[in-house]
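Numbers for residues simply follow the sequence, beginning at 1. Since the structure is predicted, the reported quantities are computational estimates derived from the model, not experimental observations.
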Amino acid sequence: MAHAFRCSNGRYAMLLTARYIRQMAKTTTCDQFLRGVTAYFRKQYDNNMLPRLSEHPEDRLTCSAIIFSRLNREIWMVGDCQGLITPLSSPTATDTNPQQSQLLENPKPSEAILASERAVEVRRLLTEGHTVEELCRNDLARPTILPHMIETMRQQNITYSVIDGFPIDRKHVRIIPLDFRPWEIVFASDGYPFLYSTLAASEEALARQRREDPLNIGDFQATKAFHPDFNSFDDRTYIRFKV
């Protein structure tokens, strides 16, 4: 299945979603988007793939998306993305009050459980004599949760939402309406464990996490560690704008 596409399933899914968003009408509602992007993805699958994909969601083109509809004054969260919204005193305001900011999250139901299971296994490996550096380069604990991760994927668009070419259950899509005050909005992928109203602050928090807990088993837990050859443990996207 993966070899049927020119790049990884996740990246190809992201490109398809971006392409669909660019061409959709500005009047599109959330429900129309969910149906439209699903049909758009569906066209990428050969009919002979569908029985396999129905039984094995882990083989589907899959991504998450967070979208702001200016006409509808709504934020749509499909999958495990995150955001930050802060009311502004005026359209030209440059300062925000962090105390007024609201963090938006839409995590997978079992993500925290899997991260906790991995943390327990990492601590066990450390007591056996494995070093932090060794486990960052070769995360021996991750394979122990992979079967559970695959089982979680079998629940996509059943217990949580993703964009994958199969019907998206509306009840797992988070919609945040905004009033007509000016707002500052931050959208980000879950590669940022701590989200702030500036990219610099979010990057610094990420760097601090890497310095202090590169295995991601402390206050913040993840299903993977920081590999020494990469500057993060997961893909990350960050955008900030005002409306």
Checklist entry - When Ile85 is tested against each of Val186, Val243, Ile176 for side-chain contact (heavy atoms from CB on, under 4.5 Å), which residue passes? => result Ile176
Next on the checklist: Suppose the criterion is side-chain hydrogen bond (donor to acceptor under 3.5 Å, both in side chains): which pairs have a residue in residues 106-117, not counting sequence neighbours?
Outcome noted: Ser110-Thr152
Checklist entry - So, Gln44 versus Tyr12: side-chain donor-acceptor pair below 3.5 Å or not? => result yes
Checklist entry - Is it true that atom CZ of Arg70 has more than 12 heavy atoms of other residues, nucleotides or ligands lying nearer than 6.0 Å? => result no
Item to check | Residue among Asp169, Thr62, Asp164 satisfying side-chain hydrogen bond (donor to acceptor under 3.5 Å, both in side chains) with Asn157 | outcome: Asp164
Next on the checklist: Is there a side-chain contact (heavy atoms from CB on, under 4.5 Å) between Ile150 and Arg154? Walk through the geometry before answering.
Outcome noted: CA-CA 7 Å; Ile150 292 174; Arg154 298 186 193 280; 4.0 Å; yes
Item to check | Residues that Asp234 engages under side-chain hydrogen bond (donor to acceptor under 3.5 Å, both in side chains), provided they are two or more places apart | outcome: none
Checklist outcome for this item: Between Ala225 and Leu135 the two heavy atoms that sit nearest each other are CB-O, 4.5 Å
Item to check | Polar side chain donor-acceptor pair, Asp190 to Gln82, under 3.5 angstrom | outcome: no
Next on the checklist: Using a 4.5 Å cut-off between side-chain heavy atoms of Ile, Leu, Val, Met, Phe, Trp and Tyr, which other residues end up in the same hydrophobic cluster as Val120?
Outcome noted: none
Item to check | Worked verdict on Arg118 versus Ile217 for side-chain contact (heavy atoms from CB on, under 4.5 Å) | outcome: CA-CA 8 Å; Arg118 176 186 162 274; Ile217 60 172; 3.8 Å; yes
Checklist outcome for this item: Between Gly36 and Tyr20 the two heavy atoms that sit nearest each other are CA-OH, 3.1 Å
Next on the checklist: Using side-chain heavy atoms (C-beta onward) and a distance below 4.5 Å, is Val132 in contact with Pro214?
Outcome noted: yes
Checklist entry - Cut-off 3.5 Å, side chains only: do Ser197 and Glu184 have a donor facing an acceptor? => result no
Checklist entry - For residues 149-193, which residue pairs qualify under ring pair (Phe, Tyr, Trp, His ring centres under 6.0 Å), counting only residues two or more places apart or in two chains? => result Phe187-Phe241, Tyr192-Tyr238
Next on the checklist: Surrounding CG of Asp219 (heavy atoms of other residues, nucleotides or ligands, distance under 6.0 Å), is the total greater than 12?
Outcome noted: no
Next on the checklist: Filter on side-chain hydrogen bond (donor to acceptor under 3.5 Å, both in side chains), then keep only pairs touching residues 124-136, sequence neighbours left out; what's left?
Outcome noted: Glu121-Arg124, Arg124-Glu128, His130-Glu134
Checklist outcome for this item: Heavy atoms of Gly10 and Cys63 approach each other most closely as O-CB, 4.3 Å
Item to check | Shared hydrophobic cluster, Ile168 / Phe33 (ILVMFWY, side-chain heavy atoms < 4.5 Å) | outcome: yes
Checklist entry - Do Glu204 and Tyr196 come within less than 4.5 Å of each other through their side chains, counting heavy atoms only? => result no
Next on the checklist: Using side-chain contact (heavy atoms from CB on, under 4.5 Å), reason through Asn231 and Arg236 one step at a time and then give a plain yes or no.
Outcome noted: CA-CA 10 Å; Asn231 60 9; Arg236 61 198 196 278; 3.1 Å; yes
Checklist entry - If you take all heavy atoms of Gly191 and Ser232, which pair is closest and at what distance? => result O-OG, 3.9 Å
Next on the checklist: Per the ring pair (Phe, Tyr, Trp, His ring centres under 6.0 Å) rule, what does the pair list look like for residues 211-231, sequence neighbours excluded?
Outcome noted: Phe194-Phe220, Phe220-Phe233, Phe226-Phe233, His227-Phe230
Item to check | Shortest non-hydrogen contact between Ile175 and Cys30, atoms and distance | outcome: CD1-SG, 3.7 Å
Next on the checklist: If I compare all heavy atoms of Cys81 with all of Ile66, which pair ends up nearest, and what's the gap?
Outcome noted: SG-CB, 3.7 Å
